[in-house]
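Remarks on the structure that follows.
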Protein chains: 2
Amino acid sequence: MALRETNPNFMNGVPELLILSLLGEQEMYGYEIVQAIRQRTAAVIAVGEGVVYPVLHGLEGDGALKSRRKTINGRGRIYYSVTPRGARRLADLSQNWTNLTTAIQNILIGGQNAQAVL
Amino acid sequence: MALRETNPNFMNGVPELLILSLLGEQEMYGYEIVQAIRQRTAAVIAVGEGVVYPVLHGLEGDGALKSRRKTINGRGRIYYSVTPRGARRLADLSQNWTNLTTAIQNILIGGQNAQAVL
DNA sequence: TGCAATACATCGAACCACAAGGTATATTGT
DNA sequence: ACAATATACCTTGTGGTTCGATGTATTGCA
């Protein structure tokens with residue numbers, strides 16, 4: 001089951017968020033995503049292909065992504081793009097991420113009058 | 001097989017960061033930390049005792065925390081506080097966290113001119 | 001011809017966080 | 001007096017994600 005409702009380890013699912021976010025801008029293929037993440041984050045985050053491909057397959061299986069084959073220079077590529085369902089998923093994950101970082105910031109900033117802000 | 005110190009899963013260690021951060025403000029005992037995290041984050045993050053106690057023991061074993069027993073109302077409590085080594089650890093984790101969220105933000109904000117900023 | 005890069009993919013191992021359970025005492029409610 | 005709840009400590013098994021290694025195949029370059 002790709003759907004995560006059980007055991008929501010609060011820190012997981014970030015690769016999925018990153019991938020959906022990139023594909024939200026433009027269609028991309030797997031290998032390209034691996035490098036885009038590395039470059040855009042100055043190698044702070046370096047997810048491998050072993051992370052990206054399974055996420056891609058999982059999201060497509062859930063109907064969050066759709067794919068199409070293209071042949072370029074005789075080499076096949078599988079381009080992915082987000083479906084409406086994927087867009088919703090992205091919005092959800094994005095919101096969760098914001099909530100999470102805000103929550104953590106509330107503790108890091110710490111201090112006496114720190115009130116959790118919704 | 002071999003000792004693994006490289007490549008820490010980039011999302012892990014957040015509970016450790018939170019705990020060190022709280023203890024950096026004032027000494028606390030385990031049960032108190034569990035509740036403090038829940039309250040300060042408006043229940044966005046709710047780590048259980050099964051997360052907190054092992055981290056506490058681990059950090060103490062590494063010399064990042066020190067503890068002292070106190071008996072209050074006939075009930076024993078173990079108060080933890082950060083050592084100089086723990087303070088360094090906190091600074092490191094804190095920096096890593098900032099780098100990470102910055103990196104992710106660079107992707108989420110996305111867009112054409114997004115340059116990873118150190 | 002060989003090496004690097006491109007592009008896909010899968011698998012086992014590692015690892016963290018979690019839920020669940022266990023012990024024990026103090027307090028509150030009935 | 002008794003039960004239930006809250007406090008306070010702790011460990012263990014499980015589960016899901018991520019990682020590194022490995023595999024295949026083609027293209028481009030030296």
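In this text the structure is predicted, and so the values were computed from the model without any measurement.
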Please give, in whole Å, the distance from [N] [atom2] to [X] [atom1]?
X     : N      : atom1 : atom2 : result
B:Y31 : C:dT23 : OH    : P     : 18 Å
A:I72 : D:dA25 : CD1   : C1'   : 17 Å
B:Q35 : D:dA8  : CD    : P     : 8 Å
B:Y80 : D:dA8  : OH    : P     : 14 Å
B:N73 : D:dC9  : CG    : P     : 13 Å
A:Y29 : C:dT6  : OH    : P     : 8 Å
B:R75 : D:dA8  : CZ    : P     : 5 Å
A:E60 : C:dC8  : CD    : P     : 12 Å

Map A:V51 and A:R77 onto DNA chain C by nearest heavy atom, then report which one ends up closer to the 5' terminus.
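Between the two, 5'-proximity favours A:R77.
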How far apart are the C-alpha atoms of A:L17 and B:L108, what are their side-chain angles, what is the distance that settles it, and do they pass the side-chain contact (heavy atoms from CB on, under 4.5 Å) test?
CA-CA 8 Å; A:L17 171 61; B:L108 293 192; 3.9 Å; yes
Candidates D:dC9, D:dT27, C:dA9 - which lies nearest the side chain of B:I78:
D:dC9
Shortest side-chain distance from A:F10, nucleotide among D:dC9, C:dC18, C:dT25
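Given the options D:dC9, C:dC18, C:dT25, the side chain of A:F10 is closest to C:dC18.
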OP1 or OP2 of D:dT11 under 4.0 Å from side-chain N/O of B:Y53:
no
For A:H57 and C:dT10, is the shortest distance between a side-chain N/O and OP1 or OP2 below 4.0 Å?
yes
Classify the nucleic acid contact of [X] as base, sugar-phosphate or nothing, counting any heavy atom under 4.0 Å across all strands shown.
X     : answer
B:V34 : nothing
B:G30 : sugar-phosphate
B:V14 : sugar-phosphate
A:E32 : nothing

Would you find a donor on one side and an acceptor on the other, under 3.5 Å apart, between the side chain of A:T83 and the backbone of A:G63?
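Yes, the answer is positive, given that a donor and an acceptor are paired below the 3.5 Å cut-off.
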Taking A:T71 for the side chain and A:G76 for the main chain, is one N or O donor matched with an acceptor at less than 3.5 Å?
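Judged by distance alone, no pair lies under 3.5 Å.
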Scan for salt bridge (charged side-chain N to carboxylate O under 4.0 Å, His left out) pairs involving residues 70-84 of chain B, sequence neighbours excluded, and state none if there are none.
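Every pair satisfying salt bridge (charged side-chain N to carboxylate O under 4.0 Å, His left out) with a residue in residues 70-84 of chain B: there are none.
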Anything under 30° is parallel, anything over 60° is perpendicular, the rest tilted; go ahead and classify B:Y29 against B:Y79.
perpendicular
